[in-house]
There are 2 protein chains.
Amino acid sequence: MPTSKDVARLAGVSQSTVSYVMSGKRPISEEVRRRVEEAMAEIGFQPNAGARALAGRRTSVVGLVVPFGPSADTTGLLPFVETIATGVREHDYDVLLVTADEGPSALTRLEGRRLCDAIVLMEIEAHDPRIEVAASLRVPVVLIGVPQDPRGLPCVDVDFAEAARLAVTELAGSGHDRVVVLGHPAEAVLRDVNYVRRFTDSALATAHDAGLPYEVVGPVEPTPLGAERAVEAAGLDRPGLTGVVVAGTAAVQPVLTALVRAGHHPGRDVTVMGVCTDAAAAAAEPPVTNVSLEPRDVSRLAVRTVFRLLDAEGADAPPDVALVTPRLTHRSTTARAGAPAA
Amino acid sequence: MPTSKDVARLAGVSQSTVSYVMSGKRPISEEVRRRVEEAMAEIGFQPNAGARALAGRRTSVVGLVVPFGPSADTTGLLPFVETIATGVREHDYDVLLVTADEGPSALTRLEGRRLCDAIVLMEIEAHDPRIEVAASLRVPVVLIGVPQDPRGLPCVDVDFAEAARLAVTELAGSGHDRVVVLGHPAEAVLRDVNYVRRFTDSALATAHDAGLPYEVVGPVEPTPLGAERAVEAAGLDRPGLTGVVVAGTAAVQPVLTALVRAGHHPGRDVTVMGVCTDAAAAAAEPPVTNVSLEPRDVSRLAVRTVFRLLDAEGADAPPDVALVTPRLTHRSTTARAGAPAA
DNA sequence: GATCATCGTCGATGCGCTTCGACGGGGACC
DNA sequence: GGTCCCCGTCGAAGCGCATCGACGATGATC
């Protein structure tokens, strides 16, 4: 395997010059740069990552701690991971994948062995044991999800409060008589993921401010059976126009299906507002009005935060909490008050 | 951050002795070993991964190339990734995650920069451009999926041919009049993933040998609409007992739902045989008889293969193709011939 | 009791890179 | 014409570990 010394010999320069060509940390004449680059290409040189890490004290690796294990919501995770992987690659970084069931010791390992320059923690719970450890590290850490006490660590997430506000405000403004929130799956509630509370609280507060009766049904399992039960519990047979807010991508289609089977017509006698990705909303049958919940946006924000931390070395610290603002898109499940019910 | 030299000083030994305590490559007296280990614990020593990689010429990292990007079946992927991550950690290895949309150059980068000791390639297609590159590497590569020409690279996968044989044999033996195979999603067919053909061919051959009429419906999208269309196309209104084989975890529930909506009674007037994970089969409504398709088993086999390659350095080469044998489990969707239809 | 292998430890070297200080050779400037 | 300075390059010194040869101290062997 060729080394930078080989490149240097071929280009007729010193090895340190090769290094400066790569890093750009000292001015290099056009002529020499060209010779070095040609030499690198000719022998197919690639810098040894281990040597780089040792000499340069940086690994060009981001550690990603993902919540696997039986308890994890395994479905929506991959877009996060993918976007982060792709995002860091644009900075010529790589991703080291660590599973959360290794526990907080995974964090000290990543730091102690110098396996990465920064760490991203996913699926942060309201009271997460990893946070205290994370806060004590010297490597920068970014949290995806907002815990009760971030301990000064930067967090990124979707703005769930704003999502709930958007959804309920829209329903209140378009003549609905009540709002029913179909909640998150029991698994998420039990794990005490913070966004569940932020979403629910905001939904209730907004409905209350608008003078709109509201109700939270939940937890709801994202299965045909769970959706059926939730629809039953929603009490849609009362007179008046109900707005149903469905929280979570996985629950949207089952709830739609259950509604139709129960004889309802989303978009006519009931409004369904999904809190889910635009892709899922558009692909649903029928296409569902939604407030966007985009994991990719969150991941991109996380990557940006990581490199802000990495570049600035504490200088321009990123905001403590950065939230992605959701967006409401009308599709076919919005019913207008006054239109004839089925 | 403490180094092995610090440990050596504290324990009153030389640095090389500390190294030998860690590696076990030379005999160490009980007394010295104890002192060194205490010293390591006291100052919280952890070996620097970069220095190790440089001096020892091994990184203790496995590169995992996953097929992200728009074309990928993103749903079933995570169990693979998780199991591999957990599996290599048992050997004190880590996983470097690379997305396949970086293309074959990702492989040369992993090798050239010495980022990992072995590579696992996922979602191998029948004619995969990564394979030729992979075969030319000096780092060992394991394929998950069986391409048309593995170029000598070891492959692991589920035995799809056996899965189809199991399913169809069972149906043939229990008095069914015909077999309908609901195929894989169009996306998988288009990508020319090899298992689709292996499964279908084997299903047809087995049905033919059993003298059973058969039919392949497909491609089938794993959505309510796609399932409905597939159920229609299956022609279940003909007299006689039909066995429906549903290929792919994602399609099982939609097909079941569509069948019920069309007025059928899985387990009475029609048999449904899922080709999916046991977990999905048990969780389905109703629980579905299935041939197990366990990504975790495949991943474990992949990890085992990786370390066989790593330990043996070519000595005891693993088999070219190692397949996980599926298992048939009866649940509530198996109908018996002669029982009254609905 | 001299010889020789064996065990347990040490010192030195090098992995391939980054980075620092040094230094020769031009301009720019007085 | 001399001084100063900056540009572009080089040599050397590590980064923290693994590994090799050396070597003193045992114990075994005849």
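Predicted model, so just to flag it, every value in this text is computed and none were measured.
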(message) Less than 3.5 Å apart, any donor N or O on the side chain of B:D117 or B:T59 sitting next to an acceptor on the other?
(response) yes

(request) Please check the phosphate of D:dT9 (OP1 and OP2 only) for any side-chain N or O of A:S29 closer than 4.0 Å. (result) yes

(request) For A:R35 and A:A11, indicate whether the former's side chain and the latter's backbone hold a donor-acceptor pair under 3.5 Å. (result) yes

(request) Using whole Å, report how far CZ of B:R9 lies from P of C:dG11. (result) 13 Å

(request) Grab the CZ-P distance between B:R58 and C:dG16 for me, whole Å please. (result) 16 Å

(message) Please check if the number of heavy atoms outside B:E38 that lie under 6.0 Å from its CD is greater than 12.
(response) yes

(request) Measure across B:T3 and B:F45 and return the closest heavy-atom pair with its distance rounded to 0.1 Å. (result) C-CE1, 3.4 Å

(message) Strictly under 4.0 angstrom, non-hydrogen atoms only: write out the protein contact profile of nucleotides 11-21 of chain D, one letter per nucleotide from the 5' end, B, S or -.
(response) BB-BBBBBBBB

(message) Tell me whether B:D92 is salt-bridged to B:R89, with the criterion being a basic N under 4.0 Å from an acidic carboxylate O.
(response) yes

